[in-house]
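In what follows, every chain begins at residue 1, and chains take the letters A, B, ... in the order their sequences are listed.
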2 protein chains.
Amino acid sequence: MAKTLKPASDAVEILHRRFYEGKPARLKNLEEARANEEIARKIHELRAAASLSQTQLAKLIGTTASVICRLENADYEGHSLAMLRRIAGALNQRVEIRFIPIRRSA
Amino acid sequence: MAKTLKPASDAVEILHRRFYEGKPARLKNLEEARANEEIARKIHELRAAASLSQTQLAKLIGTTASVICRLENADYEGHSLAMLRRIAGALNQRVEIRFIPIRRSA
DNA sequence: TTGCATTTTCGCAACATTGCGAATAGACTG
DNA sequence: CAGTCTATTCGCAATGTTGCGAAAATGCAA
């Protein structure tokens, strides 16, 4: 029975190939780049809305201006939940995370 | 002029103290703990909904089952955007991040 | 122009997360 | 019971993110 029920693993690998074939690395990278860009912009907007300089926000969360600058750079790809929460907390916000189904365009 | 407009830095530090005094470390940790717990649960739910074992999901995102197990552990505090995106991508979802204002209870 | 606050870039050490194998335990089937 | 799949835990190396100072660039006002 094991053999007839087993191919799950192979099926997973097929799915894996289909997923990455259907969504080329280039496209995936573009999506991520946009997402990071958006996060950078949101941080900048939050800070601006609070009328704080990078140095001021940095002090609020216990770091330096250069770190804030890095986070607000659209090319930065290292955003972490931990940092987003620190910033959100200092600006009286909370970070909400949601998984949203992607409609595969036919 | 500089001197009369300068105290911004001190004001920031006062805000800093007020923020952390009004929201004790214990409470802050509780909130984070809940948030992490929720993420762990969401990952588990997504995986279950896709009828995948930890090993299968691990293969989809190019890692091992022990890593998935770690992520689904409610006590895990190291969730990263990068990993959430990998999982979301493999399960045909995207990660949405929002900053939401906290109403300070009077 | 000078002066000052702010922003940006760079480098590297310190810390945090991930990768991964191996071992253990639980559930289920035959 | 053995056999299989699944889930969990541990340790350590590899990778990634943060901390932080210093210097240079920008913007604005006097």
Discussion item. Under 4.0 Å between a side-chain nitrogen and a carboxylate oxygen: does that hold for B/R47 and B/E72?
Written reply: yes
Worksheet item: Does B/N73 have a side-chain nitrogen or oxygen under 4.0 Å from the phosphate oxygens OP1 or OP2 of D/dA7?
Response: no
Worksheet entry | Side-chain heavy atoms of A/Y76 within contact of A/L71, under 4.5 Å | yes
Worksheet item: Which nucleotide in the list C/dT7, C/dC20, C/dT9 gets nearest to the side chain of A/S66?
Response: C/dT9
Discussion item. Side chains of A/T63 and A/R86, heavy atoms from C-beta outward: is any pair under 4.5 Å?
Written reply: yes
Worksheet entry | Candidate nucleotides D/dC20, C/dT7, D/dG19, ranked by approach to the side chain of A/T64 - the nearest | D/dC20
Worksheet item: Is B/R70 near enough to D/dG11 that one of its side-chain N or O atoms lies under 4.0 angstrom from OP1 or OP2?
Response: no
Item to complete: Measure from CD on B/E77 to P on C/dC15 and round the result to the nearest Å.
Response: 17 Å
Practice prompt. Considering just the side-chain nitrogens and oxygens of A/S80, establish if one lies under 4.0 Å of OP1 or OP2 belonging to D/dT18.
Written response: yes
Item to complete: Using the closest heavy atom to pick a nucleotide of DNA chain D for each, name whichever of B/A82 or B/S53 lands nearer the 5' end.
Response: B/S53
Discussion item. Without decimals, in angstroms, what is the distance between A/L71 CG and C/dT7 P?
Written reply: 13 Å
Worksheet item: Between atom CD in B/Q54 and atom P in C/dC20, what is the gap in whole Å?
Response: 16 Å
Worksheet item: Is B/R86 near enough to C/dT17 that one of its side-chain N or O atoms lies under 4.0 angstrom from OP1 or OP2?
Response: no
Worksheet item: side-chain contact (heavy atoms from CB on, under 4.5 Å) with B/L81: which of A/M83, A/H79, A/E77?
Response: A/H79
Worksheet item: Is a salt bridge present between A/K42 and A/E38, judged by a nitrogen-to-oxygen distance below 4.0 Å?
Response: yes
Worksheet, complete the sentence: A/R47 atom CZ is separated from C/dT8 atom C1', nearest whole Å, by 12 Å
Worksheet item: Within less than 4.0 Å of OP1 or OP2 of D/dT9, is there a side-chain N or O belonging to B/Y76?
Response: no
Fill in: Integer-rounded Å distance: D/dT15 C1' and B/L81 CG
17 Å
Worksheet item: How many Å lie between CD1 on A/I68 and C1' on D/dG21, as a whole number?
Response: 16 Å
Fill in: Rounded distance in Å - NE2 (A/H79) to P (D/dT17)
10 Å
Item to complete: Rounded to the nearest angstrom, tell me the gap between atom NZ in B/K59 and atom C1' in C/dT18.
Response: 19 Å
Worksheet item: Across the strands shown, which category fits B/T63 at heavy-atom distances under 4.0 angstrom: base, sugar-phosphate, nothing?
Response: sugar-phosphate
